[in-house]
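Quick note: numbers below take in every heavy atom, side chains included, and nothing from hydrogens, waters or symmetry partners. Sequence lines set the chain letters: A, B, ... in the order given, protein chains first and strands last, and positions in each chain run from 1. Source: prediction; values computed, not measured.
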There are 4 protein chains.
Amino acid sequence: MDEKDCTNSEHGTDLEHLCSKAAGRPRSESARQAILVAADHLLARDGCGGVTMEAIAVTAGVSKATLYRWWPNKSAVLMEAFVAANGACCAGPDTGDVGADLLRRMRGMTAAFAGAMGVTISGMIAEALADPEAAAVFRAQYLAPRWAEAVDALTRAQKRGQIRAGADLEVAVDALYGAVYFRLLTGHGPLIPEFADALVETLLSGLLEK
Amino acid sequence: MDEKDCTNSEHGTDLEHLCSKAAGRPRSESARQAILVAADHLLARDGCGGVTMEAIAVTAGVSKATLYRWWPNKSAVLMEAFVAANGACCAGPDTGDVGADLLRRMRGMTAAFAGAMGVTISGMIAEALADPEAAAVFRAQYLAPRWAEAVDALTRAQKRGQIRAGADLEVAVDALYGAVYFRLLTGHGPLIPEFADALVETLLSGLLEK
Amino acid sequence: MDEKDCTNSEHGTDLEHLCSKAAGRPRSESARQAILVAADHLLARDGCGGVTMEAIAVTAGVSKATLYRWWPNKSAVLMEAFVAANGACCAGPDTGDVGADLLRRMRGMTAAFAGAMGVTISGMIAEALADPEAAAVFRAQYLAPRWAEAVDALTRAQKRGQIRAGADLEVAVDALYGAVYFRLLTGHGPLIPEFADALVETLLSGLLEK
Amino acid sequence: MDEKDCTNSEHGTDLEHLCSKAAGRPRSESARQAILVAADHLLARDGCGGVTMEAIAVTAGVSKATLYRWWPNKSAVLMEAFVAANGACCAGPDTGDVGADLLRRMRGMTAAFAGAMGVTISGMIAEALADPEAAAVFRAQYLAPRWAEAVDALTRAQKRGQIRAGADLEVAVDALYGAVYFRLLTGHGPLIPEFADALVETLLSGLLEK
DNA sequence: TGATAACCGAGACGGTACGTCCCGTCTTGGG
DNA sequence: CCCAAGACGGGACGTACCGTCTCGGTTATCA
């Protein structure tokens, strides 16, 4: 982190030399990439519990010591591999129709969670539950951007007057996302498009009789 | 399961002798209780990942073979210990005021999840994510009753005309519960009473501008 | 050790039950034998430094945990394997001629040390130098019996009047054995029959001019 | 070795330029000294097996690459550090009384071996047992001079007529030194002055009844 | 007076073995 | 037939050290 801030500093000042120490052989970027790729591959093939540090090392053509030099444990490697592969958060288009946009978003999410991504996400949450640091990474790198993006979309709709002024949009996103995660993690209901439809409809219209 | 069906059979018929093949020493009920108590205690103390079959056996004063004679693996023991300790599902009173009842329910849930119970539930879900059979037990013994109870309460309110006719109450409960589980499992927001309040308000009133 | 004393107790008293507890599955003697055989085999094939606990386990068809359950480390396993294979100390015949007997003994020793046994002994001493417990085993199980036997033989000759009364026979054996070990361990001279001859002659006759 | 032969060449001939290709920075003598000092210090503190190349490097304020640039492996460093610190072989005075001289010599040796030097020597022998090159260095740089010196002393006595003509003095020194090394390496007896006394007496007088 | 070549520190790298831990199975003797 | 005690095979874990490598930077000598 520190040296990244340093090298990325766009204003080359005299202070540069303070952090550009970097004595010794620099970290092998190729090894890092190979590890993340191997971890992601094994994650998809063997599931979260089936991945082994030894297997990652062998697959990546890397020594186990190198793994432990840069990541404290298996959770950390898997989590970084996951966010490296799934970090990008493609904001959907804002068509002006909050209902349609929300529907598209939630349908996409349920469809993804119903497939291979669902298995992977489950694994990452299991990992997060056992390791607070992994949890923090998952939250910051994967969850937060998507969540914020959804809140933003709702906020824009609210400013357009489509959503009532007093609504707590953050809690609303928790309810939308939470429902999907709930079904994913507990398996208590199917992740089908109709579920997304009903969920959006429920959130938008509310339960109370007018 | 099999012999349970047998011993629990309330109708003592002539068929009894078919399953009451209890030649030999019967299962020690005291050992079973000691195991469940020990598992629950260790679960609370060491967290889910920290519990060991060996530790359960020693704490319960029981041999490891006895554990594996009656449960197929660690998840099963922990899950049964959990539902034995937390199985009862006390339905709250139905005061006739949906909003107040729902608020009470969700506040209770968030408060519980914010405490020791939250840690335990997290552990059980982690266990469920790694073991489908444990997941089934968790769902059937813990989750389903509470979920059904909540759906029932909303259904009664709907019949009373407090909730609009077309609302999908099952999805609504998924959203309510899901939001709380979401925060519990991802740690992405605090489990405070205000969260319960906002959640109920959002679900009841909906997001759309009237 | 303790339970050995116990089971070997020839007088079956009431106290027997105190130590014949032996609860639990008894130690597998076949595993123990397989381990010692495997260790001895690997020792001969790969030399002392080349043996691996993992290799011993695999060769013996045994789990690594079983190794560490009964021996604290590699040295201990190797040492026990060594003494199990080379523990027997065949006392040579006492012909009544000290010189001849001594010569036969030292020639046999140098011949053995010049061959494969020399390599093995070197390894065991290296192991003993790094691990005091292994040293104690080597001393008690291998060295002491042979040394004592040699001292005894000299003592008998002394009683027969062939060796002068004041001679310190223990120190003499140290000199005889030490010289051979010295050449073995430092490689500073060859272990040939002539060396044994000269050594015995020197010790018997002494250096001083009469 | 090569460049040592070169720099040590006392006869500065025209050939000098062949090996004095010292284009570039010359070897840092201070680093070399620091390494040997550090190795010797760690050897005394942690014992032979406890010394690490990394530790030597850090202690000497030197990089690991520098170690491996000048020595092929750990044994070589330790051995050179040992002989650098203990290479000098102070020949004792030749008083004309071979018995007294021998006694003084062996008493000094046992006393030294009973102390810190004994631990160090043990370590070097352990190292030598695992590495033939280290063994050669130990033999040539440490052992041989002392051994030769002792043989010389005995030879002088023999020429003076104090020792019988036919005695094999080399074997006698092996017996004297070997006995002390034997006790040091196997720990089978104490290294006390009385041992030196008895040893010398035994060797000088021999065992046979006259 | 540079240029250049070998030095140096720092430290990451592949590799190998270590000793620990836990799982789920088994083998005893005893109730 | 149950139970306690506890040994067993299996397999992943995280650590430690080895000897090699790549950096950026530092000297002496040669051109």
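- If you measure from atom CD of Glu54(B) to atom C1' of dA4(F), you get 13 Å, rounded to the nearest angstrom.
- Between Ser28(D) and the phosphate of dT27(F), there is no side-chain N or O to OP1/OP2 separation shorter than 4.0 Å.
- The CG-C1' distance, from Asn73(C) to dA17(E), rounds to 14 Å in whole Å.
- Taking 4.5 Å as the limit, some side-chain heavy atom of Ser63(B) sits within range of a side-chain heavy atom of Thr66(B).
- Note: CH2 (Trp71(B)) to P (dC23(E)) measures 15 Å, nearest angstrom.
- Counting heavy atoms from C-beta on, the side chains of Lys74(A) and Leu78(A) come closer than 4.5 Å.
- Among the nucleotides dC8(F), dG9(E), dG10(F), the one closest to any side-chain atom of Ser63(C) is dG10(F).
- Residues Val37(C) and Thr59(C) are not in side-chain contact: their nearest non-hydrogen atoms beyond the backbone lie 4.5 Å or more apart.
- Atom CG in Asp46(A) sits roughly 15 Å away from atom P in dG11(F) (whole-Å rounding).
- What separates NZ of Lys74(C) from C1' of dC17(F) is a distance of 13 Å, to the nearest Å.
- The cationic atom of Arg32(B) (NZ for Lys, CZ for Arg) does not lie both less than 6.0 Å from the six-membered ring centre of Trp70(B) and within 45° of the ring axis.
- Projected onto DNA chain F by closest heavy-atom contact, Arg32(C) and Thr52(D) fall at different nucleotides, the more 5' of which corresponds to Arg32(C).
- Taking CD1 from Ile56(C) and CG from Leu36(C), the interatomic distance works out to 9.5 Å, rounded to the nearest 0.5 Å.
- At a threshold of 4.5 Å between non-hydrogen side-chain atoms, the residues Asp40(A) and Phe82(A) do not count as touching.
- Atom CG in Leu67(D) sits roughly 12 Å away from atom P in dA10(E) (whole-Å rounding).
- Atom CZ of Arg69(B) and atom P of dC1(F) are 12 Å apart (whole Å).
- Put simply, Trp70(B) has a side-chain N or O that comes within less than 4.0 Å of OP1 or OP2 on dC3(F).
- Of the candidates dA5(F), dG9(F), dG9(E), dA5(F) carries the atom nearest the Ala23(C) side chain, counting heavy atoms from C-beta on.
- Atom CE of Met53(D) is separated from atom C1' of dA10(E) by 16 Å (rounded to the nearest Å).
- We find the CD1-CD distance between Ile35(B) and Glu80(B) to be 9.5 Å, quoted to the nearest 0.5 Å.
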Could you go through nucleotides 20-22 of chain F and list every protein N or O atom that sits under 3.5 Å from one of its N or O atoms, giving the distance for each pair?
| residue | atom | partner | partner atom | Å |
| --- | --- | --- | --- | --- |
| dC21(F) | O2 | Arg25(A) | NH1 | 2.9 |

